[in-house]
**Student:** 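This is the structure I want to talk about, given as structure tokens.
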Amino acid sequence: MIYQHEARERRKPAQSGRPLLPRVASDLRERQDAYLDRRGLDPFTARFNGWYPSRSAVDSADRIVIPASPPGLRFWQARAMDPTYAKRYQSPHGPRENAVIIVYSLRAMVKRLVVCEGPMDALAAAAVGCTGIALMGNTPPSACFDYIAKKWPGAETLVVPDSDARDAGAQWLAELTQREMDARLILIQGNDLAALSPAARTEALR
């Protein structure tokens, strides 16, 4: 399965110049689950996709490390679990290249993709039966769209931007359709997909 393959890739020694993934802080696992649960997000789906807690993701804050794909890049984002912390996300130094965050659903053989801005939105999409893809910002490199189109040629794709980035969402849609993806734009009422209730997420992604 692709999940096993990607897990093996992440356990390989780092290539020259590639960052190491932050160290695991096992004592924070319950806090990670509680943080996600409070936000109406599924901790089991997060763990299934390799998300884990750490205190060494650039700084010493309690964070959730979210590995990106392709796994050989060893790129990641790390979300602070304290909502008052000034720096919400950290990432390794250096170019991201074509890295995106992919969150697979626990349901088998999911073919619908949801392209969104942040990893929490991708997790929200996966919990309702889609494959979530976080672009890690609203102006990703064009190589990210090349990667998506190559990995899922012609897949049905929903583009779901944050409410304050609808122009960016239209650009993502153009990038995907230019690559012959079957994509359409979904505009939501809340700030982002993760901010909606589970029922509202399901309705939005129908």
**Student:** Testing T45, D42, I64 for side-chain contact (heavy atoms from CB on, under 4.5 Å) with L36, which one passes?
**Tutor:** I64
**Student:** To the nearest 0.5 Å, tell me how far R201 CZ sits from D121 CG.
**Tutor:** 9.0 Å
**Student:** Evaluate the side chain to side chain contact (heavy atoms under 4.5 Å, CB included) criterion for residues V115 and T157: first the C-alpha distance (whole Å), next the side-chain angles of each, then the deciding distance (0.1 Å), finally the verdict.
**Tutor:** CA-CA 7 Å; V115 175; T157 305; 3.7 Å; yes
**Student:** Does R23 CZ have over 12 foreign heavy atoms under 6.0 Å away?
**Tutor:** no
**Student:** With a 4.5 Å cut-off on side-chain heavy-atom distances among I, L, V, M, F, W and Y, is there a chain of contacts connecting L173 to V100?
**Tutor:**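 Linked, L173 and V100 end up in one cluster.
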**Student:** Please answer: with hydrophobic residues joined when any side-chain heavy atoms are less than 4.5 Å apart, are Y89 and Y85 in the same cluster?
**Tutor:** no
**Student:** Nearest heavy-atom pair of G129 and S105: which atoms, and what distance?
**Tutor:** CA-OG, 3.6 Å
**Student:** Under a 4.5 Å cut-off applied to non-hydrogen side-chain atoms, are D62 and D82 in contact?
**Tutor:** no
**Student:** Please report the interatomic distance CD1(I101) to CE(M120), rounded to the nearest 0.5 Å.
**Tutor:**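 Rounded to the nearest 0.5 Å, the CD1-CE separation comes to 9.0 Å.
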**Student:** Kindly list each side-chain donor-acceptor pair under 3.5 angstrom involving residues 189-196, sequence neighbours excluded, with atom names and distances?
**Tutor:**
{"residue": "D192", "atom": "OD1", "partner": "A194", "partner atom": "N", "Å": "3.3"}
{"residue": "D192", "atom": "OD1", "partner": "A195", "partner atom": "N", "Å": "2.8"}

**Student:** Would you say R31 and Y35 are linked by a side-chain donor-acceptor pair, where the criterion is simply a distance under 3.5 Å?
**Tutor:**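 R31 and Y35 do not have a side-chain donor-acceptor pair below 3.5 Å.
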**Student:** Check whether any side-chain heavy atom of I66 sits under 4.5 Å from a side-chain heavy atom of L123, and report yes or no.
**Tutor:**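 No - every pair of side-chain heavy atoms lies 4.5 Å or more apart.
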**Student:** Quick one: pull up CD1 in I133 and CH2 in W152 and give me the separation to the nearest 0.5 Å.
**Tutor:** 4.0 Å
**Student:** Determine whether R179 and S142 make a side-chain contact, defined as any pair of heavy atoms from C-beta on separated by less than 4.5 Å.
**Tutor:** yes
**Student:** Between A155 and M181, what is the shortest heavy-atom contact and its length?
**Tutor:**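 So the two residues come closest at O-CE, 4.0 Å.
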**Student:** Is any side-chain heavy atom of N98 closer than 4.5 Å to a side-chain heavy atom of P70?
**Tutor:**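 Answer yes - side chains close enough.
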**Student:** Determine, using the 4.5 Å side-chain heavy-atom cutoff (strictly less than), whether V103 and M136 are members of one ILVMFWY cluster.
**Tutor:**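 Same cluster: V103 reaches M136 through Ile, Leu, Val, Met, Phe, Trp or Tyr contacts under 4.5 Å.
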**Student:** Heavy atoms only: give me the nearest A170-L185 pair and the separation to one decimal.
**Tutor:** N-CD1, 4.4 Å
**Student:** Any chance you could measure D146, atom CG, to L176, atom CG, to the nearest 0.5 Å?
**Tutor:**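 That separation rounds to 10.0 Å.
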**Student:** Under 4.5 Å between side-chain heavy atoms, hopping through other hydrophobics if needed: is there a path connecting I186 to V159?
**Tutor:**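 Hydrophobic grouping puts I186 apart from V159.
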**Student:** Any idea which heavy atoms bring G132 and A125 closest together, and the distance?
**Tutor:**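 Closest pair (atom of G132, atom of A125, distance): CA-CB, 4.2 Å.
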**Student:** To the nearest 0.5 Å, what is the distance between OG1 on T139 and CD on E117?
**Tutor:**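 The CD atom of E117 is 8.5 Å from OG1 of T139, to the nearest 0.5 Å.
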**Student:** Could you check whether any side-chain heavy atom of R55 comes within less than 4.5 Å of a side-chain heavy atom of D27, counting everything from C-beta outward?
**Tutor:**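 Yes - at least one pair of side-chain heavy atoms lies under 4.5 Å apart.
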**Student:** Between the main-chain N or O of A61 and the side-chain N or O of D59, is there a donor-acceptor pair closer than 3.5 Å?
**Tutor:**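 Pair found, side chain donor or acceptor close to backbone of A61.
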**Student:** Assigning hydrophobic clusters by single linkage (Ile, Leu, Val, Met, Phe, Trp, Tyr; side-chain heavy-atom cutoff under 4.5 Å), is Y104 placed with L106?
**Tutor:**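 Yes, one cluster joins them.
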**Student:** Answer yes or no: does atom CZ of R39 have more than 12 heavy-atom neighbours from other residues, nucleotides or ligands under 6.0 Å?
**Tutor:**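 Count over threshold, so yes.
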**Student:** State, yes or no, whether a side-chain contact exists between K151 and S69 at a heavy-atom distance under 4.5 Å.
**Tutor:**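 Not in contact.
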**Student:** For the residue pair F145 and Q178, establish whether any side-chain heavy-atom pair is separated by less than 4.5 Å.
**Tutor:** no
**Student:** Rounded to the nearest 0.5 Å, how far apart are CZ of R47 and CD of Q32?
**Tutor:**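 One finds 7.5 Å between CZ of R47 and CD of Q32.
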**Student:** For the side chain of R63 and the backbone of R88, is there at least one donor-acceptor N/O pair under 3.5 Å apart?
**Tutor:** yes
**Student:** Determine the minimum heavy-atom distance between C144 and A99, stating which atoms define it.
**Tutor:** SG-O, 3.5 Å
**Student:** What closest approach, in Å, do W76 and P67 show between heavy atoms, and which atom pair accounts for it?
**Tutor:** CB-CA, 4.1 Å
**Student:** If you define the side chain from C-beta out and look only at heavy atoms, does anything of E175 sit under 4.5 Å from I148?
**Tutor:** no
